[in-house]
Student: 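Let me give you the structure first, and then I'll get to my questions.
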2 protein chains.
Amino acid sequence: MNGVRIKDVAAKAGVSTATVSRVLHDNGYVSAAARERVEDALRESGYRINAVARELRKRRTITIGLILHGALSNPFVTEVVVGAEHAAAEQGFSVLLFNARGDAEREYECVETLLSRRVDGIVFTTAVSGDNVQRVVDAGVAAVEIERRLCPAAASVVVDNYDGAQEAMKHLLELGHRRIGYIGEPFPEAQARHEATDIARRRFDAYRDALREAGEPFDEACVVRGDYPREQGGWGGLETGAAYMDRLLAQAPDLTAVFAASDLLAAGALQTLYARGVRVPDRMSLVGFDDTFAPHLAPPLSTVRQPMFEMGFKAASLAITLITDDRAEPPVERCAMSLVVRATTARPGA
Amino acid sequence: MNGVRIKDVAAKAGVSTATVSRVLHDNGYVSAAARERVEDALRESGYRINAVARELRKRRTITIGLILHGALSNPFVTEVVVGAEHAAAEQGFSVLLFNARGDAEREYECVETLLSRRVDGIVFTTAVSGDNVQRVVDAGVAAVEIERRLCPAAASVVVDNYDGAQEAMKHLLELGHRRIGYIGEPFPEAQARHEATDIARRRFDAYRDALREAGEPFDEACVVRGDYPREQGGWGGLETGAAYMDRLLAQAPDLTAVFAASDLLAAGALQTLYARGVRVPDRMSLVGFDDTFAPHLAPPLSTVRQPMFEMGFKAASLAITLITDDRAEPPVERCAMSLVVRATTARPGA
DNA sequence: CTGTTAGCGCTTTCAA
DNA sequence: TTGAAAGCGCTAACAG
């Protein structure tokens, strides 16, 4: 560790530590002569401020914590992190990154660590437990949740999944599709409406409503949602998408388009379509959701874009704002989804 | 900020701060009675240690810095980060994340910030400037470079690109392919051998050597490497892969297999192949490199896997080891590449 | 077994 | 315009 202290610089320049501190932060009165001597001493000694000492003294760390869940491999989370880091860096904040890997217990520990490190704010890239978020609020530290809203006392950055899915359906309907299938994640109908399960539910609701509004009868055969729990380790993943598409092809052979509730599911579907020799979009149109690796697929996938970078950016900005400004009502920022049309959608039979 | 100090707990328990500290860290002698009283006081007061104060006092932050470059969107970097975080967390370390976005200047600033924050070590997920790495070494802080070795005084975690590419070629050759194309990134032949450009060069060298060893004549027409600089904003990307494959198809129509120097390039190639109606692997085999989104493609891409998680994990572990252990020679850890066979490779004309 | 005390390196009154 | 000095909250001798 670099051992040059402010005291050493002061000695070298023949002034007090207070004076050095003043020139360091350019505040208070310092004579030109003294300033010059200090600046020389600073340069010659290769002084580097000790941020830890300053943080202790000022009781502010200029740091925010970012908690995410294993799925950093998930491109969604990745972009959120990039956005958050970007916003933080712009304001001179550092980012402490923790991965709670989907576990509430571990999330709790991350929160505790972050709190004892005295971060100024914490961003949850999707919290697992509302209690953990509440803990942050209770500690008087700015808390921001992304995507899911588990703790009403915390600020949040959300997105309207219903809107997004609606855009996708509108696109398909406008192209002239009538028989449209749905591949998605399960959500126990019976279960109370958690914000969590709501994501899947709202995407599905938009699908069903769009069909109804178009005067199309709702047909169970067009939907594969796997109402079983995370079995065979593949839930919500690539294999699931592939398997669902297979089922769809068998159950509803007259489908001309499919709406997949995530890019991952869509990627799996595309694999089945490729294997079965069903040309996309000629014989089947496909729309995904997220816009993660949609552009990489063959053909490039039309999808609903979640503004991931923006969400991360806003969340971090919000956290930083909240540090100083504390208002009564925790703000809820909404980000807009948008449809990105690429090459998997066309008129039926085109 | 939670205002409960060790002093408050001590007062409440009727002991000195030293005793509280002792029970907190479970060292030194503490009578059962005192311990109990302190533990009660700890619980009742909701005490949370102030890590900043401890860090200042102990002159150790139990934190490592992680510098990466914009390309967190790059799944490669992502996995490295996950691995590094994992290793750090396992050892009780926190991770401070900075994005220098490919810029040496910004990288310099990240280093300075990290150094003034007194991190115990810094991991460069590919450093931009060797001087910046050297700065860390000079400050007496553990430095580890991933993938690229720019500073001989720092430790590093590397991978053998030649080996990896060789695996890919071996696979293709063993399947019986003879006319094998190459799509890759350019590397100015003329330029001095930087470790940087070496990555592309070594992958290509393996391609050429494998062909030679198989007794196949080297044919320029089978190679598209774009010896032009990053023009049209698409260098090394998806569009590049698509365009290169198009050229390859025109230049060397008798190719039965192609080795793409990255998954991204391969994804682009797959798009062209799909558009042209060239079935994979029936009429064309394709191998990628990296194993990032290879499994998501249709068909799932056979590729050379870089152990990204492992590299990140090892880098962070190495950094942490170096913090205590400091040996004369900075260690260089090598990770092995491995071929992952999926569905884009088969015997020619199968 | 326990308490006192001297800092860690910095900022910031306060008085000169 | 400057310096002395009092902490920020914690740890670790050292003395008892």
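Below, chains carry the letters A, B, ... as their sequence lines are ordered, and counting in each starts from 1. Values below: all heavy atoms of this structure, side chains included; hydrogens, waters and symmetry mates excluded.
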Student: What's the verdict on side chain to side chain contact (heavy atoms under 4.5 Å, CB included) for C335(B) and V158(B), showing C-alpha distance, side-chain angles and the deciding distance?
Tutor: CA-CA 6 Å; C335(B) 293; V158(B) 298; over 6 Å; no

Student: Would you say a side-chain N or O of R5(A) is under 4.0 Å from OP1 or OP2 of dG9(C)?
Tutor: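 So the side-chain polar atoms of R5(A) do come within 4.0 Å of the phosphate oxygens OP1 or OP2 of dG9(C), strictly under.
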
Student: According to side chain to side chain donor-acceptor pair (under 3.5 Å), who are the partners of R334(B), at least two apart in sequence or on a separate chain?
Tutor: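 Applying side chain to side chain donor-acceptor pair (under 3.5 Å) to R334(B) gives none.
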
Student: Just how far, in rounded Å, is C1' of dG9(C) from CG of D8(A)?
Tutor: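 Those two atoms, CG and C1', are 10 Å apart.
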
Student: Output the rounded distance in Å from NZ (K7(B)) to C1' (dT11(D)).
Tutor: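 It works out to 15 Å between those atoms.
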
Student: Give one of base, sugar-phosphate or nothing for V30(A), where a contact means two heavy atoms less than 4.0 Å apart.
Tutor: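 The residue V30(A) makes sugar-phosphate contact but no base contact.
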
Student: So if I take the C1' atoms of five pairs at each end of the helix from dC1(C)-dG16(D) to dA16(C)-dT1(D) and get each local axis, what angle do the two axes make, rounded to 10 degrees?
Tutor: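 Between the axes fitted at each end of the helix from dC1(C)-dG16(D) to dA16(C)-dT1(D) lies an angle of 50°.
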
Student: At their closest point, which heavy atom of N132(B) faces which heavy atom of F124(B), and how far apart are they?
Tutor: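 It is O-CZ, 4.1 Å.
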
Student: Quick one: closest heavy-atom pair of V52(B) and E55(A), and the distance?
Tutor: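 Taking every non-hydrogen atom into account, CG1-CB, 3.8 Å.
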
Student: Using only side-chain N and O atoms of R118(A), determine if any of them is under 4.0 Å from OP1 or OP2 of dC8(D).
Tutor: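 So the side chain of R118(A) is outside the cut-off, no N or O lying under 4.0 Å from OP1 or OP2 of dC8(D).
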
Student: What pairs with E112(B) under side chain to side chain donor-acceptor pair (under 3.5 Å), at least two apart in sequence or on another chain?
Tutor: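 Only R48(A), R135(B) meet the side chain to side chain donor-acceptor pair (under 3.5 Å) criterion with E112(B).
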
Student: How about N50(A) and S116(B): do any of their side-chain heavy atoms sit closer than 4.5 Å?
Tutor: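 Heavy-atom side-chain distance check fails, nothing below 4.5 Å.
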
Student: Quickly work out the E36(B) CD to dC1(C) C1' distance and round it to whole Å.
Tutor: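 These atoms are roughly 17 Å apart.
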
Student: Whole-Å distance between dG3(D) P and R35(A) CZ?
Tutor: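 Rounded to whole Å, this separation is 14 Å.
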
Student: In this structure, how many angstroms lie between the P atom of dG9(D) and the CG atom of N50(A), rounded?
Tutor: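 Roughly 17 Å, once rounded to whole Å.
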
Student: Of all residues at least two apart in sequence or in a different chain, which pass the side chain to side chain donor-acceptor pair (under 3.5 Å) check with E333(B)?
Tutor: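 Partners of E333(B) under the side chain to side chain donor-acceptor pair (under 3.5 Å) test: none.
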
Student: Do the side chains of R37(A) and D40(A) get close enough for a salt bridge, i.e. N-O under 4.0 angstrom?
Tutor: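 Between D40(A) and R37(A) there is no salt bridge, as every charged N stays at least 4.0 Å from the carboxylate O atoms.
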
Student: For V15(B), answer base if it contacts any base atom (sugar-phosphate contacts may also be present), sugar-phosphate if it contacts only those atoms, and nothing otherwise; contact means non-hydrogen atoms under 4.0 Å.
Tutor: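 Sugar-phosphate, no base atom in range.
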
Student: From CD1 of I62(B) over to P of dC10(D), roughly how many Å is that when rounded to an integer?
Tutor: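 My rounded result for the distance is 15 Å.
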
Student: Respond yes when some side-chain nitrogen or oxygen of R59(A) is under 4.0 Å from OP1 or OP2 of dG9(D), and no when none is.
Tutor: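 For R59(A), the contact criterion (side-chain N or O under 4.0 Å from OP1 or OP2 of dG9(D)) is met.
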
Student: When you match L56(B) and A34(B) each to their closest nucleotide on DNA chain C, which lands nearer the 5' end?
Tutor: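 Going by which nucleotide is closer to the 5' end, it is A34(B).
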
Student: Summarise how protein sits on nucleotides 11-16 of chain C as a single string, 5' to 3': B when a protein heavy atom is under 4.0 Å from the base, S for sugar-phosphate-only contact, - for no contact.
Tutor: BBB---

Student: Let me have the donor-acceptor pairs involving side chains of residues 85-93 of chain B, under 3.5 Å, with sequence neighbours excluded, atom names and distances please.
Tutor:
from: E85(B); atom 1: OE2; to: N99(A); atom 2: N; distance (Å): 3.0

Student: Could you give the CD-to-P distance, from E55(B) to dT11(D), as a whole number of Å?
Tutor: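 That distance rounds to 11 Å.
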
